[in-house]
Amino acid sequence: MGQHQIDSQNLPYAPDKLPRKAVCGADGFFAVDLRVGTVIAAEPFAKARKPAYRLKVDFGPVVGVLQTSAQVTNYAIDALVGRRVVGALNLGEKNIAGFTSQFLILGALQPDGTVQLLAPDGAPPDGAPVA
């Protein structure tokens with residue numbers, strides 16, 4: 001799947017257009033550090049090429065606060081702050097328009113590429129691993 005895009009004409013993420021990915025095995029899956037966090041700050045990211053926000057997420061006492069750039073402008077900033085999310089923490093940092101994105105926030109993609117953020121059920125603490 002490469003670089004994320006929003007395209008209401010071609011619907012690049014329509015389920016009937018997406019083949020299954022190759023098997024990565026349990027070791028590949030468990031190598032990714034997936035954790036629960038809480039968004040503590042969100043602001044527009046004017047320097048980004050595509051509409052995006054800069055988010056700060058608290059991943060608990062061991063990991064702490066990490067920042068990311070995310071194309072989730074379908075959410076109001078007020079709706080993001082305080083929201084529980086899931087992040088992939090160990091994919092490496094990425095420089096986006098001079099901003100260091102430290103993790104990938106996870107979401108389900110609508111057919112047009114609009115992101116619907118994943119959130120845990122119940123009340124696991126910030127930093128809880130996702131299994």
Side-chain angles (χ1 to χ4, degrees):
M1 191 176 301
Q3 185 70 21
H4 173 244
Q5 62 180 336
I6 296 175
D7 183 344
S8 60
Q9 298 298 314
N10 295 313
L11 304 176
Y13 305 100
D16 61 345
K17 293 182 180 178
L18 299 175
R20 286 179 65 168
K21 293 182 180 181
V23 172
C24 69
D27 289 342
F29 175 78
F30 290 116
V32 180
D33 189 3
L34 300 172
R35 298 203 188 206
V36 173
T38 301
V39 177
I40 59 171
E43 63 183 18
F45 188 11
K47 291 183 180 179
R49 283 184 292 143
K50 298 177 183 177
Y53 291 144
R54 294 191 310 192
L55 307 176
K56 288 187 179 179
V57 177
D58 185 351
F59 286 105
V62 173
V63 175
V65 174
L66 299 177
Q67 62 186 15
T68 192
S69 170
Q71 294 178 38
V72 292
T73 55
N74 50 303
Y75 291 89
I77 286 178
D78 297 6
L80 290 169
V81 176
R83 184 183 177 89
R84 305 302 305 286
V85 295
V86 176
L89 308 187
N90 63 338
L91 301 177
E93 294 183 347
K94 185 173 182 181
N95 184 323
I96 301 171
F99 175 79
T100 301
S101 188
Q102 299 173 306
F103 74 97
L104 177 67
I105 197 164
L106 300 183
L109 295 174
Q110 295 288 351
D112 69 353
T114 302
V115 177
Q116 299 294 301
L117 292 171
L118 298 184
D121 195 17
D126 288 342
V130 174

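What you see is a predicted model; the values in this text were computed from it and never measured.
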request  = Working to the nearest 0.5 Å, report the span between CD of Gln67 and CD of Glu43.
outcome  = 9.5 Å
task = Would you name the heavy atoms of Val32 and Ala88 that are closest together and state the gap between them?
result = CG1-CB, 3.9 Å
query = From Thr100 OG1 over to Asn95 CG, what is the distance, rounded to the nearest 0.5 angstrom?
reply = 5.5 Å
ask   = Can Leu91 be reached from Val65 by stepping across I, L, V, M, F, W or Y side chains whose heavy atoms are under 4.5 Å apart?
value = no
task = Verify the cluster assignment for Val36 and Leu89: are they in a single hydrophobic cluster under the rule of side-chain heavy atoms below 4.5 Å apart?
result = no
request  = Inspect the surroundings of CG in Asp16 and state if more than 12 heavy atoms from other residues, nucleotides or ligands are less than 6.0 Å away.
outcome  = yes
key: Candidates Leu80, Ile77, Val81, Leu66 - the one meeting side chain to side chain contact (heavy atoms under 4.5 Å, CB included) with Leu55   = Leu80
query = What heavy-atom pair brings Ala97 and Lys47 nearest, and what distance separates the two atoms?
reply = CB-O, 3.5 Å
remark   = For Pro120 and Pro124, the nearest pair of non-hydrogen atoms, with its separation, is CB-CG, 3.7 Å
key: Within one Ile-Leu-Val-Met-Phe-Trp-Tyr cluster: Val130 and Val62, side-chain cutoff 4.5 Å   = no
query = Going from CD on Gln116 to CD on Gln110, what distance comes out if it is rounded to the nearest 0.5 angstrom?
reply = 4.5 Å
message = Quick check against the 3.5 Å criterion: does Lys50 have a side-chain atom that pairs as donor or acceptor with the backbone of Ile6?
response = no
query = Can you tell me if Asn90 uses its side chain to pair, donor with acceptor, with the backbone of Asp33 under 3.5 Å?
reply = yes
request  = Search all heavy atoms of Ser69 against all heavy atoms of Ile96 and return the closest pair with its distance.
outcome  = CB-CD1, 3.8 Å
ask   = Any luck finding a side-chain donor-acceptor pair between Arg84 and Thr38 under 3.5 Å?
value = yes
query = Hey, what do you get for CZ (Arg54) to CZ (Phe99), rounding to the nearest 0.5 Å?
reply = 5.5 Å
ask   = Within the side chain of Thr68, is there an N or O that forms a donor-acceptor pair under 3.5 Å with the backbone of Phe103?
value = yes
request  = Drop me the distance from Thr114's OG1 to Asn74's CG, to the nearest 0.5 angstrom.
outcome  = 5.5 Å
Which atom of Tyr13 lies closest to which atom of Leu18, heavy atoms considered = O-CD1, 3.6 Å
